[in-house]
Amino acid sequence: KQEVTQIPAALSVPEGENLVLNCSFTDSAIYNLQWFRQDPGKGLTSLLLIQSSQREQTSGRLNASLDKSSGRSTLYIAASQPGDSATYLCVLGEDMRFGAGTRLTVKP
Amino acid sequence: DAGVIQSPRHEVTEMGQEVTLRCKPISGHNSLFWYRQTMMRGLELLIYFNNNVPIDDSGMPEDRFSAKMPNASFSTLKIQPSEPRDSAVYFCASRKRETGELFFGEGSRLTVL
């Protein structure tokens with residue numbers, strides 16, 4: 001069974017910093033990998049989808065990369081803003097299992 | 001195109017009662033997933049279907065939980081009898097065949113007293 005780990009569990013940064021969130025997985029047969037954000041008490045918002053054959057995807061200030069050989073994906077957030085504060089989750093595999101998430105706080 | 005539709009959005013019930021949660025996936029999507037989210041355990045996969053067939057139900061906590069997908073446009077998650085520890089937000093998601101992208105419903109918040 002695929003094991004998905006997200007490190008760190010929580011991160012607090014000042015506004016304007018660039019930051020990297022990590023998602024590690026144990027089985028390289030990932031199908032696809034998708035990053036979501038979740039605001040407290042809310043649903044899940046899709047950020048980026050990286051298909052198994054791709055290496056990265058970009059959307060605005062977000063860039064996600066995928067390295068199947070090392071079992072790792074990173075989500076890069078440029079010039080962070082207080083509105084980026086949320087929990088960020090990765091999900092992958094045929095059975096779409098989630099990591100535990102990284103809770104990000106961006107301080108004004 | 002309408003998104004994934006879940007009902008009810010909120011349910012409060014008493015221990016021992018039967019609870020039925022409903023999900024309508026996006027038309028044309030071939031996979032459907034049920035998740036449960038709690039503070040302690042995060043987002044847990046309960047069960048998923050491909051082409052209406054259950055593929056992996058290893059996440060279903062116990063026999064009190066059951067899920068069905070009688071056709072491509074409807075699925076139910078039933079808890080009978082319900083217990084206070086079942087209180088959680090239950091999410092349904094469907095996956096687009098062509099891209100593998102996952103789309104979520106807004107969730108059903110269940111409170112069992």
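All values reported here derive from a predicted model rather than from experimental measurement. Every chain is numbered from 1, with letters handed out A, B, ... down the list of sequences.
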Peer 1: Would you say V4(A) and L104(A) are hydrophobically clustered, going by side-chain heavy atoms of ILVMFWY under 4.5 Å?
Peer 2: yes
Peer 1: Let me confirm one number: the CD-CD distance from Q38(A) to Q37(B), rounded to the nearest 0.5 Å.
Peer 2: 4.0 Å
Peer 1: Does any donor atom in the side chain of E101(B) or Q51(A) lie under 3.5 Å from an acceptor atom in the other side chain?
Peer 2: no
Peer 1: Could you see if V4(B) belongs to whatever hydrophobic cluster contains F49(B)? Use Ile, Leu, Val, Met, Phe, Trp, Tyr and a side-chain cutoff under 4.5 Å.
Peer 2: no
Peer 1: Do L75(A) and L11(A) share a hydrophobic cluster (ILVMFWY, side-chain heavy atoms under 4.5 Å, transitive)?
Peer 2: yes
Peer 1: If I measure from the heavy atoms of chain B, does D95(A) come under 4.5 Å with its side chain, its backbone, both, or neither?
Peer 2: both
Peer 1: In this structure, would L62(A) and L49(A) fall into the same cluster of hydrophobic residues linked by side-chain contacts under 4.5 Å?
Peer 2: no
Peer 1: At a heavy-atom separation under 4.5 Å, does S58(B) approach chain A through its side chain, its backbone, both, or neither?
Peer 2: side chain
Peer 1: Is the shortest side-chain heavy-atom distance between K42(A) and E106(B) below 4.5 Å?
Peer 2: no
Peer 1: For R72(A), is the CZ atom crowded, meaning more than 12 foreign heavy atoms sit under 6.0 Å from it?
Peer 2: no
Peer 1: Apart from M96(A) itself, what residues make up its hydrophobic cluster when side-chain heavy atoms of I, L, V, M, F, W and Y under 4.5 Å apart count as a link, directly or indirectly?
Peer 2: F36(A), L44(A), L89(A), V91(A), F98(A), F33(B), Y35(B), L43(B), L45(B), Y48(B), V53(B), I55(B), V89(B), F91(B), L102(B), F104(B)
Peer 1: Is Y90(B) linked to M15(B) within one hydrophobic cluster, defined over Ile, Leu, Val, Met, Phe, Trp and Tyr using a side-chain heavy-atom separation of less than 4.5 Å?
Peer 2: yes
Peer 1: Tell me whether the count of non-hydrogen atoms from other residues, nucleotides or ligands lying under 6.0 Å of CD in E14(B) goes above 12.
Peer 2: no
Peer 1: Would E94(A) and R95(B) satisfy side chain to side chain contact (heavy atoms under 4.5 Å, CB included), going step by step from the backbone distance to the final call?
Peer 2: CA-CA 10 Å; E94(A) 163 65 22; R95(B) 183 168 63 193; 3.1 Å; yes
Peer 1: Within residues 62-80 of chain B, which residues come under 4.5 Å of chain A, heavy atom to heavy atom?
Peer 2: none
